Visitor: 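First, the structure itself, so that you have it in front of you.
Since the structure is predicted, the reported quantities are computational estimates derived from the model, not experimental observations. Only this structure's heavy atoms are used, side chains among them; waters, hydrogens and symmetry mates stay out.
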Amino acid sequence: MHIFSAMNNQTIKAYLASINKYPLLNEAEEKDLSVKIQKGDKASLTKLINSNLKLVVSIATKICKDSEFLMDLIQEGNMGLMVAGGKFSHTFQTRFSTYAYPWITQYILRYIDNHSSLISIPHRKEMMIKKIQNAQAYFFQQNGREATVSELSLFTGIEMDKIISTMDYSYTMASLDVKAGDDANSCTIGDLISDTTYSPENLLVTKETKKIVHELMDSLPGNEKKVLWYRYNFDEEMSGKTLREVSKIIGVSPEAVRQTEMRALKRLEKAARKTV
């Protein structure tokens, strides 16, 4: 085994041993911590994050099996976990791990996208870049913000001008055909590249909105539910059905369908106000 691979494996084992001491949280504990976090309690945020560090490891190992890069992916995934922890709310009606999963994945895939360079970099420069990037990741985890050049210099012992010149070598150009790992069966960067238009938070809100709408629909009387179901395309046809088409389906006049639709909408509006 290559000496660097052996060292990385030891680092990963030591890291896993250090995070195993944090117990998993139940749903009630997560909600309680979320309420405190929204009030600015940093200790609660730390507890929520620490209890989900193993989730980051699980996601990182699924994406990349190469131990040489695994700790880098874990560190990047931890940043996504921190962002999710600060945004999570007990009102989302979902477990924190479900909410955090896409945030963690997005940060890991973005890191892979930005660090699969086609340009050859001298080994000494590459090692220095990695040292600086690791320091940046650690500083962000500890302080919740990006480190300045002077802070990186103090943390790494590298002169400020060398940090600036070294980071100029950190290109982000990558081929979509580059393998994400050394394994022959590894997928390409094109398969893993992150979608910058994707928002886990918006996805969750949309999912929860649909769930609420369906619950409200289930509370309607039979005919009212049927009318709205066809009129507003809940059956996911090409388009919603006309009054005449719905009247033929449920066996009443188009006017009766229109009146039923109005009653149903008023009932939904009233029920929706109670849920707010």
Side-chain angles (χ1 to χ4, degrees), residues 24-35 37-38 48 52 55 58-59 62-63 77 80-81 83-110 187 190-276:
L24 297 176
L25 302 172
N26 59 39
E27 187 172 1
E29 289 173 324
E30 288 180 355
K31 289 184 177 180
D32 180 60
L33 289 175
S34 171
V35 172
I37 291 169
Q38 297 303 314
L48 182 64
N52 287 274
L55 174 64
S58 174
I59 296 172
K62 287 178 183 177
I63 293 176
L81 178 65
V83 173
K87 291 179 174 289
F88 181 65
S89 171
H90 65 284
T91 62
F92 288 164
Q93 297 180 345
T94 187
R95 293 300 301 270
F96 175 67
S97 58
T98 302
Y99 176 77
Y101 195 101
W103 281 104
I104 296 167
T105 303
Q106 187 179 47
Y107 269 68
I108 290 175
L109 296 183
R110 185 182 299 165
C187 54
D191 297 323
L192 297 176
I193 190 168
S194 60
D195 181 1
T196 55
T197 65
Y198 173 70
S199 170
E201 192 167 12
N202 289 341
L203 181 65
L204 180 65
V205 170
T206 301
K207 180 180 177 182
E208 289 300 315
T209 301
K210 287 182 178 180
K211 179 182 176 183
I212 291 171
V213 170
H214 278 278
E215 288 175 351
L216 292 174
M217 285 283 288
D218 289 338
S219 70
L220 294 174
N223 270 1
E224 291 184 9
K225 178 179 178 180
K226 286 181 182 179
V227 168
L228 292 190
W229 185 268
Y230 292 118
R231 287 286 286 152
Y232 292 90
N233 200 25
F234 279 87
D235 54 351
E236 298 182 352
E237 294 292 336
M238 291 296 292
S239 60
K241 291 179 171 54
T242 64
L243 293 174
R244 188 174 297 278
E245 287 172 334
V246 177
S247 72
K248 291 179 179 179
I249 293 173
I250 63 177
V252 297
S253 68
E255 177 59 22
V257 172
R258 188 189 69 80
Q259 292 178 7
T260 301
E261 179 182 346
M262 297 305 295
R263 286 197 306 271
L265 289 175
K266 288 179 180 179
R267 198 188 302 273
L268 274 185
E269 183 180 2
K270 186 176 180 180
R273 287 175 179 173
K274 292 180 180 180
T275 64
V276 176

Visitor: I need the Leu265 CG to Glu224 CD distance, nearest 0.5 Å.
Guide: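 Answer for the CG-CD pair, Leu265 versus Glu224, is 9.5 Å.
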
Visitor: Minimum heavy-atom separation for Asn52 and Ser97, please, with both atom names.
Guide: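 Closest approach of Asn52 to Ser97: OD1-CB, 4.3 Å.
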
Visitor: Is there a donor-acceptor pair under 3.5 Å between the side chain of Thr105 and the backbone N or O of Pro102?
Guide: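 Side chain of Thr105 to backbone of Pro102, a donor-acceptor pair under 3.5 Å: no, none is there.
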
Visitor: Which pair of non-hydrogen atoms, one from Lys87 and one from Tyr99, has the smallest distance, and what is that distance?
Guide: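 Closest approach of Lys87 to Tyr99: CB-OH, 3.2 Å.
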
Visitor: Heavy atoms, side chains only, cut-off 4.5 Å: are Pro221 and Arg267 in contact?
Guide: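 Counting from C-beta outward, Pro221 and Arg267 do come under 4.5 Å.
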
Visitor: Please report the C-alpha distance between Glu261 and Arg258 in whole Å, then the side-chain angles of each, then the deciding distance to 0.1 Å, and finally whether the salt bridge (charged side-chain N to carboxylate O under 4.0 Å, His left out) criterion is met.
Guide: CA-CA 5 Å; Glu261 179 182 346; Arg258 188 189 69 80; over 6 Å; no

Visitor: Would you say Ser34's side chain and Glu30's backbone share a donor-acceptor pair under 3.5 angstrom?
Guide: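 Pair absent, no side-chain N/O of Ser34 close to backbone of Glu30.
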
Visitor: How long is the straight-line distance from CG of Leu55 back to CG of Leu81, given to the nearest 0.5 Å?
Guide: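 Between atom CG of Leu81 and atom CG of Leu55 there are 7.0 Å.
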
Visitor: Tell me whether Glu29 contacts the main-chain N or O of Asn26 through its side chain, where contact means a donor paired with an acceptor under 3.5 Å.
Guide: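 Here the side-chain-to-backbone pair exists.
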
Visitor: Arg231 vs Leu243, test: side-chain contact (heavy atoms from CB on, under 4.5 Å). Steps then yes/no.
Guide: CA-CA 8 Å; Arg231 287 286 286 152; Leu243 293 174; 3.6 Å; yes

Visitor: Which value, rounded to the nearest 0.5 Å, describes the distance between Thr260 atom OG1 and Glu255 atom CD?
Guide: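 Between atom OG1 of Thr260 and atom CD of Glu255 there are 9.5 Å.
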
Visitor: How many angstroms lie between atom CZ of Phe88 and atom NZ of Lys31, to the nearest 0.5 angstrom?
Guide: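 One gets 8.0 Å once the value is rounded to the nearest 0.5 Å.
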
Visitor: What heavy-atom pair brings Tyr230 and Val246 nearest, and what distance separates the two atoms?
Guide: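 Nearest heavy atoms, Tyr230 then Val246: CB-CG2, 3.8 Å.
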
Visitor: Measure up the Tyr107 and Trp103 rings against each other and bin them: parallel (under 30°), tilted (30 to 60°), perpendicular (over 60°).
Guide: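 Judged by the thresholds at 30° and 60°, the geometry between Tyr107 and Trp103 is tilted.
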
Visitor: Going from CG on Leu48 to CG on Leu25, what distance comes out if it is rounded to the nearest 0.5 angstrom?
Guide: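 Taking CG in Leu48 and CG in Leu25, the distance rounds to 6.5 Å.
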
Visitor: Counting distance only, does the side-chain N/O of Glu245 pair as donor-acceptor with the main-chain N or O of Thr242 below 3.5 Å?
Guide: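 Yes; judged by distance alone, with no hydrogens or angles, the pair exists.
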
Visitor: Return the minimal non-hydrogen interatomic distance between Ser247 and Ser253, and the atom names on each side.
Guide: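 Heavy atoms of Ser247 and Ser253 come nearest at CB-C, 3.7 Å.
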
Visitor: Any non-hydrogen side-chain atom of Tyr101 less than 4.5 Å from a side-chain atom of Ile59?
Guide: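 Yes. Closest side-chain heavy atoms under 4.5 Å.
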
Visitor: Can you tell me how far apart OG1 (Thr94) and CD (Glu27) are? Round to the nearest 0.5 Å.
Guide: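 Interatomic distance, Thr94 OG1 to Glu27 CD, rounded to 0.5 Å: 8.5 Å.
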
Visitor: What's the shortest heavy-atom distance between Leu220 and Ala264, and which atoms?
Guide: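 In this case the closest contact between Leu220 and Ala264 is CD2-O, 4.1 Å.
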
